> 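Quick one: the structure is below, and I'll ask about it shortly.
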Amino acid sequence: MRRVRYSVAMSLDAFIAGPNNEYDWIIMDPTIDFSAIFSEFDTFLIGRRTFEVTRGMGQGGGMPGTRSYVFSRTLRAEDFPDVTIVSDDVANTVAALKAEDGKDIWLFGGGDLFRSLLEAGLVDTVEVAVMPVLLGQGIPLLPTMNAQTLLELTDTKTYPSGIVGLSYDVRRQTDKEEKP
């Protein structure tokens, strides 16, 4: 089964964007092989606000050779033919994508989308590139959740720019495990 991987840049004080959706604080470290990272995915899950920011940067929303799903109750599918707009049944849509053959699925943006998919048990890994900056305010990595989620550290990387990469598997509780 394919994995849903929330892979995101975050400030040290846990923001994924500035208060006005700015992202100019994200360091593009030349030692990170972005081509190799992108080659691990063939599907992108994007929240509406992140989609609007990326379109504002001149990107059409879709990435060559991939499928992009934008989760929004307000966007109209006919206005964005390069992506699939999902307005309801988010959990079932993502569960069906996970069951398909293919590469991993990148949960590309949106703290609210991350929270809803995490609460539905559909996120498999959380991969955070911690940027050496304190923003003080902005859009949080994770809006308030209803329950605790346990993570298991699987990898760490430190880059010359000061970025620290942290990778975690989401731990699934089994019937034999006690709830925390």
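Each residue takes its place number in the sequence, starting with 1. Being a predicted model, the structure only gives us computed values, none of them experimental.
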> Taking atom CG of Asp169 and atom CG of Leu150, what is their separation to the nearest 0.5 Å?
12.5 Å
> Output all residues satisfying salt bridge (charged side-chain N to carboxylate O under 4.0 Å, His left out) with Lys157, sequence neighbours left out; order by chain, then residue number.
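Lys157 satisfies salt bridge (charged side-chain N to carboxylate O under 4.0 Å, His left out) with Asp155 once adjacent residues are dropped.
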> Are Val164 and Phe34 in one and the same hydrophobic cluster, where Ile, Leu, Val, Met, Phe, Trp and Tyr link if side-chain heavy atoms are under 4.5 Å apart?
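In one cluster: no.
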> With a 4.5 Å cut-off on side-chain heavy atoms, are Phe44 and Phe38 touching?
yes
> Ignoring hydrogens and angles, tell me if any N or O in the side chain of Asn20 forms a donor-acceptor pair with the backbone of Glu22 under 3.5 Å.
no
> Quick one: does Thr125's side chain get under 4.5 Å of Ser167's, heavy atoms only?
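Heavy-atom side-chain distance check fails, nothing below 4.5 Å.
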> Is there a side-chain contact between Trp25 and Ser11, using heavy atoms and a 4.5 Å cut-off?
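Yes; the side chains approach each other to less than 4.5 Å.
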> If you draw a 6.0 Å radius around CG in Asp79, do more than 12 non-hydrogen atoms from other residues or ligands fall strictly inside?
yes
> To check you understand the geometry: which heavy-atom pair defines the closest contact between Pro160 and Thr31, and what is its length?
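Closest approach of Pro160 to Thr31, heavy atoms only: CD-OG1, 3.5 Å.
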> Can you name the nearest heavy-atom pair linking Arg73 to Ser87, along with the distance?
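Heavy atoms of Arg73 and Ser87 come nearest at CG-O, 3.7 Å.
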> Are Leu12 and Ile139 co-members of a hydrophobic cluster defined by side-chain heavy atoms under 4.5 Å apart?
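Same cluster.
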> In chain order, what residues pass the salt bridge (charged side-chain N to carboxylate O under 4.0 Å, His left out) check against Asp124, with sequence neighbours excluded?
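Asp124 satisfies salt bridge (charged side-chain N to carboxylate O under 4.0 Å, His left out) with Lys98, Arg172 once adjacent residues are dropped.
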> Is any side-chain heavy atom of Leu151 closer than 4.5 Å to one of Val170?
yes
> Given Val130, which of Leu166, Asp13, Thr158 fulfils the side-chain contact (heavy atoms from CB on, under 4.5 Å) condition?
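Of all the options given, the one that passes is Leu166.
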> First locate atom OG of Ser68, then atom CZ of Phe80, and finally report the distance between them rounded to the nearest 0.5 Å.
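One gets 13.0 Å once the value is rounded to the nearest 0.5 Å.
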> Identify the heavy atoms of Lys103 and Asp42 that sit nearest to each other, and give their distance.
N-OD2, 3.0 Å
> Once ring pair (Phe, Tyr, Trp, His ring centres under 6.0 Å) is applied, what residue pairs with a partner in residues 110-146 remain, sequence neighbours excluded?
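Qualifying pairs: Tyr6-Phe114.
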> Do Leu153 and Tyr168 come within less than 4.5 Å of each other through their side chains, counting heavy atoms only?
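They are in side-chain contact.
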> Determine the sole option in Thr93, Val86, Val70, Val94 for which the side-chain contact (heavy atoms from CB on, under 4.5 Å) test with Leu45 is passed.
Val94
> Do the side chains of Ile27 and Val133 get nearer than 4.5 Å, heavy atoms only?
no
> Nearest 0.5 Å, what's the CZ-CE distance between Phe15 and Met10?
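One gets 10.5 Å once the value is rounded to the nearest 0.5 Å.
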> Please report the interatomic distance OG(Ser39) to CG(Asp33), rounded to the nearest 0.5 Å.
7.5 Å
> Do the side chains of Ile26 and Val8 join up, straight or via other hydrophobic residues, at under 4.5 Å, putting them in one cluster?
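The answer is no; the residues belong to distinct hydrophobic clusters.
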> Could you state the interatomic distance from OH (Tyr23) to OG1 (Thr50), rounded to the nearest 0.5 Å?
11.5 Å
> Might you point out which heavy atoms bring Pro143 and Gly111 nearest each other, and give the distance in Å?
CD-O, 3.3 Å
> Can you confirm whether more than 12 heavy atoms, excluding those of Arg2, are under 6.0 Å from its CZ atom?
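Yes, CZ of Arg2 has more than 12 neighbouring heavy atoms, counting only those of other groups under 6.0 Å.
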> Is the backbone of Ser161 close enough, under 3.5 Å, to the side chain of Asp29 for a donor and an acceptor to pair up by distance?
yes
> Is there a path of hydrophobic side-chain contacts, each under 4.5 Å between heavy atoms, that joins Val90 and Met145?
yes
> Using the salt bridge (charged side-chain N to carboxylate O under 4.0 Å, His left out) criterion, which residues pair with Glu100? Sequence neighbours excluded.
Arg67
> For the CD atom of Glu78 and the CD1 atom of Ile85, what is their distance to the nearest 0.5 Å?
9.5 Å
> If you define the side chain from C-beta out and look only at heavy atoms, does anything of Ile163 sit under 4.5 Å from Pro132?
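Yes, close enough: below the 4.5 Å cut-off.
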> With Arg5, which residues qualify under salt bridge (charged side-chain N to carboxylate O under 4.0 Å, His left out), at least two apart?
Glu40, Asp104, Glu127
> Is it possible for you to say whether Ile105 and Met1 belong to one hydrophobic cluster, with membership spreading through side-chain heavy-atom contacts below 4.5 Å?
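As far as the 4.5 Å side-chain criterion goes, Met1 and Ile105 are not connected within one cluster.
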> Flag the pair Leu75 / Glu52 as yes when at least one side-chain heavy-atom distance between them is below 4.5 Å, and no otherwise.
yes
> State, to 0.1 Å, how close Leu122 and Ala91 come at their nearest heavy-atom pair, and which atoms those are.
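For Leu122 and Ala91, the tightest heavy-atom pair comes out as CD1-O, 3.5 Å.
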> I'd like to check the ring-ring contact (aromatic ring centres under 6.0 Å, His included) partners of Phe41; sequence neighbours left out, ordered by chain and number.
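With sequence neighbours excluded, Phe41 shows a ring-ring contact (aromatic ring centres under 6.0 Å, His included) to Trp106, given in chain and number order.
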